[in-house]
Amino acid sequence: MTDSSSDCTLEEEYVLYKNRPQWRDVTPIQQDDGPNPVVAIAYSEQFRDVYDYFRAVLRSGEKSERVLELTNDAAQLNPANYTVWQYRRDVLHHLNSNLTEELDYIGETIREHPKNYQVWHHRRVIVEWMKDASNELQFTDQVLSLDSKNYHAWQHRQWVVATFKLFDAELQYVNNLLVKDVRNNSAWNQRHFVIVHTTGFTPEIIQRELEFTASKIKDVVNNESAWNYLRGVLCHTESGNITSEDFILDFCQELYDMGCRSPYLLAFTIDICEEFLELGVSSEAYPIQKALQLCEDLAVEHDKIRKEYWKFISRKLSQNVSCKTDVNSSS
Amino acid sequence: MAKLLPENRRSYAEIESLKFDNEGQPTASSLEQEEVERSVLTQFDLFEKRAEVDEDCPLLLRQKHANVLKKSLTHLPQSFQCLDSSRPWLVYWALHSLALLEEQLEEEDYTKITGFLAKCQSPNGGFGGGPGQIPHLACTYAAVNALCTIGTKEAFNVINRESLVKFLWSVRQPDGSFIMHQNGEVDVRGAYCALSVSKLTNIYTPELFEGTAEWIVRCQSYEGGFSACPGMEAHGGYSFCGLAALFMLGKDHLCDMKAFMRWIVNRQMRLEGGFQGRTNKLVDACYSFWQGGAFIFLHNILYKENKSIVNSDRWLFNQEALQEYILICCQQPSGGLIDKPGKLRDVYHACYALSGLSVAQHTSLIKKYIVGSPSNLLAPIHPMYNITFDAAVKAMKYYENHPIPPSGTP
Ligand SMILES: [Zn+2]
């Protein structure tokens with residue numbers, strides 16, 4: 001339909017718009033940069049020509065098949081031109097164009113420019129118009145298979161999955177990605193997203209997720225993604241406390257006793273101690289003195305780059321301790 | 001003989017000892033990380049050898065960067081066609097970088113730039129990516145920042161504040177979020193850009209941002225950072241936008257600051273010293289500002305809460321390590337700054353590497369930490385807008401005397 005310029009045989013005979021008889025009725029409009037252009041781009045002749053005609057149709061408001069082709073040429077020359085995409089959608093709408101073809105077309109463009117905001121937004125609008133997302137999981141999977149952390153692809157996928165209720169196989173999809181790369185934080189984030197929108201974090205699901213995450217942490221203790229997800233699960237417990245699950249208290253204790261000094265484990269342990277202090281629970285395994293010692297260990301040995309932070313946390317804990325002591329002694 | 005290192009400076013041996021441990025489980029993420037660490041270590045190694053003979057290093061190549069930036073303001077090669085819808089950005093990145101370097105342009109250059117940005121302003125308010133393009137919130141932010149960086153009456157007067165208000169209302173959504181342009185995408189950048197320009201030019205009204213803080217809070221992920229929109233992964237660029245916007249709205253208490261702090265402090269890479277944008281991703285110099293800048297808000301928020309435990313001399317990240325990463329790993333010898341070793345220079349990374357460097361150098365207007373030559377010192381920035389502090393003060397003073405235009409379509 002519109003992708004003539006990407007067709008090799010036609011590209012060889014590319015004719016500038018100003019030399020096309022079928023465009024003779026349109027007067028091109030040059031870009032008005034004013035008398036003293038700055039950040040002046042050395043446009044190719046083709047770029048200048050296409051955009052001179054695009055400006056002309058933007059002004060005349062023409063919406064036709066030939067304009068659709070013009071917007072294709074303009075978009076291929078600069079896929080970030082949101083004015084072009086916006087006008088292209090006006091034309092598509094006006095012509096009642098075949099959206100399946102448009103979806104194929106934008107798919108090609110996204111594959112060439114997978115990190116561009118405009119092309120993903122265009123796809124989203126087309127899918128919205130079609131009210132049909134049957135290609136979207138496969139499409140985003142293809143993009144993610146080349147770059148498993150492409151933010152735009154994930155954002156599109158979340159929108160599709162939530163809007164069209166395509167959750168059925170999504171947790172399995174996440175699982176597969178985590179098998180490939182357990183450090184893929186985007187996959188962990190998607191896991192949280194899926195559960196929030198499907199089963200929710202019920203006590204059973206929380207238990208399942210804690211066990212799943214703990215096993216992943218055991219495999220790779222310095223995997224921050226898994227530790228962050230662990231907190232993400234625990235904030236859904238009834239109390240929202242990270243100390244609410246004995247399983248996790250034991251898990252951390254066990255790792256520490258085995259000699260693990262991952263900064264993420266130590267940080268987590270500090271938070272457990274702090275929470276016990278705040279809740280007024282005296283814990284043998286997690287006394288506040290342990291937290292203070294771990295802050296010191298992190299600052300001078302295990303996580304030196306964050307020294308300022310650990311010193312701050314240490315001061316905060318000490319202040320909390322003295323507040324508690326004051327309250328206790330005055331009551 | 002071992003040389004005495006200034007406070008918090010790290011030796012090569014120490015940096016090398018921080019290499020990534022893949023725990024016998026190599027994956028795509030760990031392989032990429034190890035590759036970057038190798039290239040970064042090469043730079044640190046070369047540097048340590050140079051440092052033995054050169055007292056002044058690491059040295060910020062001010063003049064070389066300035067030359068590259070000045071050139072980019074006039075003529076750009078054909079390869080920039082893909083940035084033809086970001087021309088106000090190209091202007092802002094270069095102008096702000098030059099302002100950080102305290103490089104002056106000729107008066108007539110400022111007049112030319114002002115005239116060009118005026119051409120990018122839409123008759124319906126706001127600025128587009130180039131003359132004749134429809135207005136876009138991000139381009140509007142860039143153009144307003146560029147004009148305020150120029151800071152002449154002529155530049156201030158380019159901004160049509162009446163039509164700007166109308167444009168902002170036209171992109172505001174019922175839930176308080178903002179689309180980037182007519183029928184465009186929604187994300188947290190929109191809210192930040194809208195707030196930044198309205199605070200800077202004194203057109204802010206609470207009605208325009210009703211519900212915005214509540215919408216932004218929904219973008220805080222379980223990791224603690226903010227994402228583009230609710231549900232997505234915490235990300236450095238969006239986190240800056242989210243926190244800066246909440247701060248400007250005076251509603252930072254609505255988000256979980258403890259979680260935010262935990263997330264952002266962990267974005268500083270232990271070996272590289274620079275910041276990554278997301279968990280388990282790679283270091284990138286542009287996050288020196290997106291993450292580094294957010295620490296200024298964090299510091300202020302913590303100080304408000306409980307000043308007795310805040311060290312007012314330091315941000316909560318390692319300011320020396322960040323400076324080392326930028327100065328040693330991200331300068332191109334011919335001028336210009338890069339994302340990470342092996343990448344090509346671009347003005348975007350120059351702007352955000354230098355902005356981050358400035359943040360790392362200035363804890364307050366009096367307390368400074370300068371790694372390397374004293375000549376490396378940059379002008380301080382205003383974290384809400386990321387223009388220089390002086391430029392922000394001057395702009396706010398200028399617009400203070402202009403009444404807030406009527407809101408048009410509440
Ligand atoms: Zn970058």
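Protein chains get the first letters and strands the later ones, always in sequence-line order, with residue 1 at the start of each. These values consider heavy atoms only, across backbone and side chains, with no hydrogens, waters or symmetry-generated copies. Values in this document were obtained by computation on a predicted structure and should not be read as measured data.
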Given ring-ring contact (aromatic ring centres under 6.0 Å, His included), test A/Phe268 with A/Tyr264 step by step and report yes or no. CA-CA 6 Å; A/Phe268 203 88; A/Tyr264 310 110; over 10 Å; no
With ring-ring contact (aromatic ring centres under 6.0 Å, His included) as the criterion, how do B/Phe127 and B/His136 come out once you've worked through the C-alpha distance, each side chain's angles and the decisive distance to 0.1 Å? CA-CA 6 Å; B/Phe127 293 76; B/His136 189 287; over 10 Å; no
Test A/Glu170 against A/Gln190 for side-chain hydrogen bond (donor to acceptor under 3.5 Å, both in side chains), laying out the working first. CA-CA 9 Å; A/Glu170 197 61 5; A/Gln190 187 75 348; 2.8 Å; yes
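In this structure, chain A has a heavy atom under 4.5 Å from the side chain of B/Leu302, while its backbone stays farther away. For A/Gln319, the part lying under 4.5 angstrom from a heavy atom of chain B is the side chain only. Contact of B/Gln33 with chain A is not made at all, since no heavy-atom distance falls under 4.5 Å. Of the two parts of B/Asn306, only the side chain, counted from C-beta on, holds a non-hydrogen atom closer than 4.5 Å to a non-hydrogen atom of chain A. In this structure, chain A has no heavy atom under 4.5 Å from any part of B/Phe295. Interface remark: A/Trp227 contributes no atoms to any contact with chain B (heavy atom separation under 4.5 Å). For chain A, the nearby part of B/Thr74 is the backbone; its heavy atoms alone come within less than 4.5 Å. A/Arg183 touches chain B through backbone and side chain together, each having a heavy atom under 4.5 Å away. With a 4.5 Å cut-off on non-hydrogen atoms, A/Tyr87 does not touch chain B at all. Neither the backbone nor the side chain of A/Arg124 comes within contact range of chain B, judged by heavy atoms closer than 4.5 Å. When heavy atoms are compared at a cutoff of 4.5 Å, B/Met180 does not approach chain A at all. With a 4.5 angstrom heavy-atom cutoff, A/Tyr151 touches chain B via backbone and side-chain atoms both. Of the two parts of B/His181, only the side chain, counted from C-beta on, holds a non-hydrogen atom closer than 4.5 Å to a non-hydrogen atom of chain A. Contacts between A/Gln86 and chain B at a heavy-atom distance below 4.5 Å involve the side chain alone, from C-beta outward. Interface remark: A/Leu58 contributes side-chain atoms only to the contact with chain B (heavy atom separation under 4.5 Å). In this structure, chain A has a heavy atom under 4.5 Å from the side chain of B/Arg278, while its backbone stays farther away. The contact between A/Phe193 and chain B is made entirely by side chain atoms (from C-beta outward), counting heavy-atom distances below 4.5 Å. With a 4.5 Å cut-off on non-hydrogen atoms, A/Val196 does not touch chain B at all. In this structure, chain A has a heavy atom under 4.5 Å from the side chain of B/Asp187, while its backbone stays farther away. For B/Val347, no part lies under 4.5 angstrom from a heavy atom of chain A. If you measure heavy-atom distances from A/Lys180 to chain B, the contacts under 4.5 Å come from the backbone alone. For A/Asn222, the parts sitting under 4.5 Å from any heavy atom of chain B are the backbone and the side chain alike. Neither the backbone nor the side chain of B/Thr111 comes within contact range of chain A, judged by heavy atoms closer than 4.5 Å.
Between chain A and the options B/Pro77, B/Gly132, B/Pro26, B/Gly273, heavy-atom pairs under 4.5 Å are most frequent for B/Pro77. Ranked by heavy-atom pairs under 4.5 Å with chain A, the list B/Arg270, B/Gln78, B/Lys281, B/Met232 is led by B/Met232. Top candidate by heavy-atom pairs under 4.5 Å with chain B, chosen from A/Asn228, A/Asn36, A/Val39, is A/Val39. Among A/Val221, A/Asp303, A/Asn184, the residue with the largest count of heavy-atom pairs under 4.5 Å with chain B is A/Val221. When the candidates B/Glu108, B/His235, B/Met269, B/Lys71 are compared by the number of heavy-atom contacts under 4.5 Å with chain A, B/His235 comes out ahead. Of the listed residues (A/Ala80, A/Ser225, A/Ala162), the greatest number of heavy-atom pairs within a distance under 4.5 Å of chain B belongs to A/Ser225. Per-residue counts of heavy-atom pairs under 4.5 Å with chain B were compared for A/Val84, A/Val220, A/Val182; the largest is that of A/Val220. Note: B/Gly184 leads B/Gly184, B/Ser221, B/Cys229 in heavy-atom pairs under 4.5 Å with chain A. Most heavy-atom pairs under 4.5 Å with chain A, from the set B/Leu18, B/Asp84, B/Leu90: that is B/Asp84. Per-residue counts of heavy-atom pairs under 4.5 Å with chain A were compared for B/Ser30, B/Ser79, B/Gly115; the largest is that of B/Ser30.
A salt bridge does not link B/Arg267 with B/Glu223: none of the charged nitrogens is closer than 4.0 Å to a carboxylate oxygen. Taking 4.0 Å as the cut-off between side-chain N and carboxylate O, B/Lys119 and A/Asp33 do not count as a salt-bridged pair. Between A/Lys316 and A/Glu274 a salt bridge is recorded (basic side-chain N to carboxylate O distance below 4.0 Å). Ion pair A/Asp271/A/Arg231 flagged as a salt bridge, since at least one NZ, NE, NH1 or NH2 atom sits closer than 4.0 Å to an Asp/Glu carboxylate oxygen. Between A/Lys311 and A/Glu308, at least one side-chain nitrogen of the basic residue sits less than 4.0 Å from a carboxylate oxygen of the acidic one, meeting the salt-bridge criterion. B/Arg262 and B/Asp256 are not joined by a salt bridge, as no carboxylate oxygen comes within less than 4.0 angstrom of a charged side-chain nitrogen.
B/Leu117 is listed as a side-chain neighbour of B/Pro88, based on a closest heavy-atom distance under 4.5 Å. A/Trp85 has its side chain out of reach of A/Val125: every pair of non-hydrogen atoms, C-beta onward, lies at least 4.5 Å apart.
Exactly one residue among A/Ile270, A/Leu266, A/Val300 makes a side chain to side chain contact (heavy atoms under 4.5 Å, CB included) with A/Trp310. That residue is A/Ile270.
With rounding to the nearest 0.5 Å, the separation of CD in B/Gln133 from SG in B/Cys120 is 7.5 Å.
The local environment of NZ in B/Lys258 is crowded, with over 12 non-hydrogen atoms from other residues, nucleotides or ligands closer than 6.0 Å. Annotation: A/Gln30, atom CD; neighbour count of heavy atoms from other residues, nucleotides and ligands within 6.0 Å does not exceed 12.
With hydrogens and angles left out, the side-chain atoms of B/Gln81 and A/Asn78 include no donor and acceptor closer than 3.5 Å. A side-chain donor-acceptor contact under 3.5 Å links A/Glu209 and A/Tyr229.
Stacking of B/Arg314 on the aromatic ring of B/Tyr369 is recorded, both the 6.0 Å distance cut-off and the 45° axial limit being met. Geometrically, B/Arg189 engages A/Tyr117 in a cation-pi contact, judged by NZ or CZ lying under 6.0 Å from the ring centre and within 45° of the ring axis.
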